[in-house]
Amino acid sequence: MTWIPPLLVAIPLLSAAATAGLDHITPRPIQDALVIGAATATTALAFVLLWHAESHEVVEWFGGWRPHHGVALGIDFAVGPLAAGMCAVIGLVVTLALLYSLTFLREAARLFDALMLVALGAMCGFAMSGDLFNLFVWLELMGVAAFALTGFQVERLGPVQGAVNFAITNSLGGYLFAIGIALIYARTGALNLAQIGTSLSHGPAGGLVIVAMTLLLCGFLIKGAVVPFHLWAADAYAVAPAPVCAVLGGVMTDIGLIGVARLYWSVFAVPFGHGHGVGDVLLWLGIATAVLAGTMAFLQRHLKRMLAYSVVCHIGIMLAGIGLLDSAGLAGAELMFLAHALLTAGLFFVAGILHVDHALIDELHLRGRGRGSWVLAAAWFAGTVGLVGTPYVGIYLGHGLIDEGARPWVLAPLWLGSALAGAALLRAGARIFLGWGDAEEELLGRAIEEDPVERDVLRPLLVGVALVAVVLGVAISIVPGLGQRAEYAAERFRDTSGYAAAVLHGRAVTPPASLPVSIRHTSLESILFATGTTIFALGLALAGLYRSRLPRGISRAASRTLAPPIRVLHALHSGVVGDYVTWVAVGTAVTGGIWALLLHG
Amino acid sequence: MSRRMRMLVLGPALLGLGALFAWAIAGLPAFGDYRGPYGFVLNRVVVPLRHTTNVVMGTTFDVRGLDTMGEEFILYAALVGVTLLLRDETRSRQAERRTSRLDDDAVRLVGVAMIGGGLLVALWLMAFGYITPGGGFQGGVLAAGAVLLLYLVGSHRDYRPFRNEHFLDPLEAVGAGGYIVIGLAALVSGTAFLTNLFGLGTTGTLVSSGSIALLNWASAIAVSCAMVLLFAEFLETYVVPLEPEDAAS
Amino acid sequence: MSFLPYVVAAWICLVGIAGMATSRNLIHLAVCLTVTQSSSYVLLLSVGYVKHGKAPIFVGTKVGSTAADPVVQALTLTDVVVSVAVIALILALALDAHRLSGSVDPDGIADISG
Amino acid sequence: MLLGTLVPLQAVAFALVALGAPLVVLTRDPLRQALVNGIYGVSLVCLFVVLQAPDPALSMLVVSGIGYPLVILAAITRVRGHERTEQKKDGEQ
């Protein structure tokens with residue numbers, strides 16, 4: 001089955017070339033069929049690959065350049081169940097996004113489709129690649145496609161600003177990554193991840209490896225929008241068309257985290273795996289991201305910007321799961337990715353439909369306008385509850401697995417972030433669909449409105465796509481057997497020496513004993529935490545809706561104590577690219593400095 | 001942040017980054033002492049295995065051919081992206097477009113000669129890329145530059161046919177897509193994606209190296225078209241003739 | 001032991017970042033970005049240089065004679081293409097920004113914040 | 001110590017590049033910067049040649065000689081052209 005991995009890249013890219021190249025020649029229905037067909041075929045093949053990858057590591061050496069005596073000559077795709085699963089979800093979300101955008105793009109539709117397919121191919125390549133420089137190539141390719149897609153609505157300044165900030169921060173991240181590649185190549189003389197790992201097992205790690213790791217991982221953390229590299233995300237996701245947001249927020253941000261996990265367990269677990277230095281920093285970055293982005297989400301009134309911060313918040317929780325460095329944590333991150341990708345995509349779709357219906361995207365402006373749209377309301381609330389992690393709904397199972405390895409002081413802030421982001425979405429839902437809450441709220445800042453890109457839509461199609469995404473996402477936690485398979489996939493992913501043996505020496509992995517097909521249960525602690533979080537989120541949402549009705553003293557004290565820090569937070573997210581570049585430098589230097597202290601000697 | 005504040009934060013951050021870099025450099029092998037296996041193995045095996053004398057091109061189009069495939073698509077995606085982003089710009093300025101003609105025949109003659117020379121060198125770079133330095137990308141950019149010169153010494157009208165997306169877009173797609181098709185051909189024949197399928201020929205001649213030559217040509221087409229279209233996208237409306245008062249100033 | 005090449009690469013990177021952070025013009029900023037990127041070429045090629053080595057092109061030289069690392073050169077080629085693609089996109093965005101706001105100052109196009 | 005095995009030619013090329021980078025960054029006027037950037041590109045080409053890398057050198061040559069200048073100059077001209085038309089409009093009013 002080694003022929004499937006290259007196809008996951010080749011099919012979307014070839015179709016992208018065809019669709020943009022034949023723009024003026026073939027009629028629109030054929031083009032649409034080609035685009036949807038390519039995305040669907042890629043998704044289907046990814047599922048087939050997932051099936052095969054369960055029992056063995058699928059390794060494809062491009063050009064037939066197999067390694068000799070442990071020296072890799074060519075580039076390989078090494079696919080375990082985790083990578084294959086990622087490809088499947090990526091394919092699914094992109095297919096849904098393409099279906100969503102099928103009817104309303106009147107201009108530049110071919111260019112749009114081509115870029116979406118390029119992004120799909122690049123993300124699949126990234127998830128599967130086993131070569132350091134090849135990762136960089138896919139990172140840049142998906143970036144280039146995404147920058148242009150973000151600026152799709154060229155008639156407004158916001159999208160242009162978002163795209164500029166996105167392009168410059170992410171390119172800078174890519175170049176830091178390239179410098180990291182050069183450093184690690186100088187030390188090991190290899191680009192294959194497994195070979196680099198093997199090579200690092202000889203001799204002391206030293207400053208070179210620590211600095212190289214800092215640059216490589218920070219490159220991915222910028223893509224993953226982790227604090228303090230997250231600033232571009234809200235600018236970009238607030239302004240891109242809804243289907244682009246679904247792909248960017250649903251899967252492309254998360255892909256940075258896959259990169260972090262891949263690099264850690266194939267390469268840096270070798271020199272630094274005996275301690276927790278690397279993991280602890282990732283864990284703390286994750287916690288900071290979850291809390292800060294959750295807070296920021298609660299302070300938004302622009303629906304897509306709110307969703308963007310909610311994405312970043314969940315990225316933080318997933319990063320914390322990876323930072324725990326155990327199988328349960330990684331499996332939790334993986335399951336959260338599944339649910340989060342679909343739910344986020346679904347919520348972006350719903351926001352997009354609201355935008356079409358009312359030409360408004362501001363929570364306060366939309367107040368009460370959604371009354372009567374019961375299907376949309378149901379999708380929105382179901383998606384929100386799924387993102388909060390109410391027991392056995394949506395991200396819950398993933399969060400529950402992360403809980404297993406984490407100490408309570410880690411859990412509390414993670415659940416807090418979840419609650420804050422969830423409260424923001426619940427508050428917006430209640431305001432829009434139920435007409436609850438005050439019509440004014442000065443703590444949320446000024447309104448930003450924009451015209452929707454969607455015109456003359458086939459509304460049932462949009463609603464249908466949104467519903468599919470939300471329903472699939474909500475159901476992730478109760479799919480029988482999924483939890484156990486995720487844990488097994490994580491075990492395989494974390495097996496550094498097994499991965500190296502499979503890649504460099506073609507050794508087979510031991511297939512799993514048959515995995516049970518039942519709903520995985522979580523600890524009582526998780527259920528309590530999740531229930532508490534749900535109640536807290538509801539309370540917070542109500543407080544946000546009716547701040548004016550709180551007792552006078554509390555209300556005034558709250559605004560007096562909260563207003564200054566809120567102003568600081570708003571000011572930090574300035575939308576100015578020079579600031580973002582500065583924060584990238586600060587983040588990289590500080591992360592590297594901490595690792596230098598923790599890992600040296 | 002105010003600009004002052006930004007400088008205050010940036011300074012220490014850059015110092016920190018600099019310290020990290022210095023620490024890394026202290027661990028690097030001294031300049032010229034590189035001992036890594038990868039490149040040396042390739043230097044030994046690529047010429048005998050692939051009959052190409054330029055190991056860099058052998059690496060680019062065969063051993064690490066997948067990177068180059070990604071690279072072609074980066075350029076392609078950038079072209080599509082720029083077209084997407086400038087679609088309003090182009091439309092809004094279409095009305096203002098005027099053609100300008102260069103009237104000095106001597107300048108024109110030099111220009112035409114340079115175009116000829118540029119295209120020749122470009123072709124040479126493309127054709128001999130896997131024997132001597134050069135290759136699809138370098139040749140492609142040069143060819144696009146030469147075509148652009150045609151635009152500058154001629155007029156807008158002379159350049160229009162080259163800007164005709166009905167012709168160039170499909171050609172660009174053929175170049176980029178062709179790369180994948182060559183890769184898929186290997187897959188269909190039962191070997192790995194992008195495997196070198198064709199007769200390898202005699203080392204040091206144009207018919208050497210098997211599919212490296214084909215991939216090189218595919219990328220040459222893709223890059224030439226992409227660059228011409230990219231330049232055109234930027235130039236489409238920018239050569240507005242110098243007006244008298246501008247010329248005087 | 002000679003480290004000048006690596007120091008130069010690090011220097012270019014820092015200079016480029018400083019330029020990006022303080023730039024008042026998107027076109028200027030895009031060029032600074034390519035300067036930052038050029039540090040990665042310098043580093044890659046310096047890393048792959050071999051004392052007394054020739055270029056890895058074996059016309060008239062015996063295969064197996066000392067030559068520079070071809071891999072870093074292949075990587076640099078890709079890197080250069082990436083830089084062209086990225087600068088083209090950013091400049092296109094700069095043009096859009098200018099058309100919409102009349103300014104190419106990154107501080108001036110910050111429409112959305114918070 | 002710092003120079004060691006560096007041949008003088010290489011040392012000069014590295015020095016030129018090291019000087020060129022801040023010059024590019026500090027030239028705040030885009031048009032002049034495009035020019036300085038071209039010179040910086042040439043210094044990179046020289047560096048690549050003395051580092052025994054003719055392929056990247058060629059690539060850098062076409063990029064810094066054709067690629068960058070074309071897109072940068074086009075962008076600058078458009079921005080300035082815009083400004084000129086705007087000014088003219090203002091003047092007429």
Side-chain angles (χ1 to χ4, degrees), chain A residues 133 136-137 140-141 143-144 147-148 150-151 154-165 167-168 171-172 174-183 185-186 189 191 234-235 238-239 296 299-300 302 305 444-446 448 569-582 584-585, chain C residues 6 9-10 13-14 16-24 26 29-30 32-34 36-48 69 71-72 74-76 78-79 81-83 85-90 92-101 105-114:
Chain A
F133 192 77
F136 171 75
V137 170
E140 289 296 322
L141 181 54
V144 166
F147 307 154
T150 304
V154 287
E155 65 274 14
R156 296 192 58 89
L157 187 58
V160 174
Q161 175 210 353
V164 165
N165 293 356
I168 287 171
S171 302
L172 178 60
Y175 304 155
L176 291 179
F177 188 82
I179 296 173
I181 294 177
L183 291 178
Y185 186 74
L191 290 173
D235 295 347
V239 295
M296 284 310 290
L299 297 178
Q300 300 304 315
H302 185 289
R305 207 169 159 86
L444 295 181
R446 69 189 175 91
I448 310 157
L569 279 181
H570 277 305
L572 280 179
H573 298 75
S574 58
V576 178
V577 73
D579 290 351
Y580 295 4
V581 170
T582 308
V584 167
Chain C
Y6 310 134
C13 177
L14 296 178
I17 294 179
M20 287 168 70
T22 56
S23 181
R24 289 170 186 279
L26 278 177
L29 204 160
C32 290
L33 188 67
T34 64
T36 312
Q37 194 183 14
S38 67
S39 73
S40 67
Y41 324 144
V42 173
L43 188 60
L44 274 170
L45 292 178
S46 308
V47 157
D69 187 321
V71 176
V72 289
L75 305 190
T76 309
T78 305
D79 223 358
V81 179
V82 170
S83 82
V86 169
I87 195 174
L89 266 180
I90 293 178
L93 286 167
L95 285 180
D96 276 334
H98 187 265
R99 177 171 49 85
L100 293 166
S101 73
D105 183 352
D107 298 13
I109 64 160
D111 189 32
I112 300 175
S113 63

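If you're wondering where the values come from, they're calculated on a predicted model, not measured in any experiment. Below, read A as the first sequence line, B as the second, and so on, with proteins coming before strands; counting in each chain starts at 1.
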* **Partner chain A: residue of C/A21, C/P106, C/S23, C/S40 with the largest heavy-atom pair count (under 4.5 Å)** => C/A21
* What is the distance from atom CG of C/L93 to atom OG1 of A/T150, rounded to the nearest 0.5 Å? -> 9.0 Å
* To do: Check step by step if side chain to side chain contact (heavy atoms under 4.5 Å, CB included) holds for A/Y185 and C/V71.
  => CA-CA 10 Å; A/Y185 186 74; C/V71 176; 3.4 Å; yes
* Checking heavy atoms, do the side chain of A/L569, its backbone, both or neither come under 4.5 Å from chain C? -> neither
* Residue that, paired with A/E140, satisfies side chain to side chain contact (heavy atoms under 4.5 Å, CB included) out of C/D79, C/T78, C/V82 -> C/V82
* Pairwise distance CG(C/D107) to CG(A/D579) - rounded to 0.5 angstrom -> 7.5 Å
* Part of C/L89 within contact of chain A (heavy atom distance under 4.5 Å) -> side chain
* To do: With a 4.5 Å cut-off on heavy-atom pairs, point out which of A/S574, A/A585, A/G151 contacts chain C the most.
  => A/S574
* Asked: Of all of A/Q300, A/M296, A/Q161, A/H302, which one pairs up most often with chain C through heavy atoms under 4.5 Å apart?
  -> A/Q161
* Structure fact -> When every non-hydrogen atom of A/V164 is compared with those of C/L26, the smallest separation belongs to CG1-CD2, 3.7 Å
* **Which atoms of C/I90 approach chain A - backbone, side chain, both or neither, heavy atom under 4.5 Å** => side chain
* Give, as side chain, backbone, both or neither, the part of A/L191 having an atom under 4.5 angstrom from any heavy atom of chain C. => side chain
* To do: Please look at C/L29 and chain A and tell me whether the side chain, the backbone, both or neither of the residue comes under 4.5 angstrom of a heavy atom of that chain.
  => side chain
* To do: Decide if atom CZ of A/R156 counts as having more than 12 heavy atoms of other residues, nucleotides or ligands within a radius under 6.0 Å.
  => yes
* **For chain A, the option from C/L14, C/T22, C/L44 that forms the most heavy-atom pairs under 4.5 Å** => C/L44
* To do: Nearest 0.5 Å please: distance from the CG atom of A/L172 over to the CE atom of C/M20.
  => 4.5 Å
* **Which portion of A/F136 sits near chain C, non-hydrogen atoms under 4.5 angstrom** => side chain
* Minimum heavy-atom separation for C/S39 to A/I179, with atom names? -> OG-CD1, 3.4 Å
* Structural part of A/V584 lying under 4.5 Å from a heavy atom of chain C -> neither
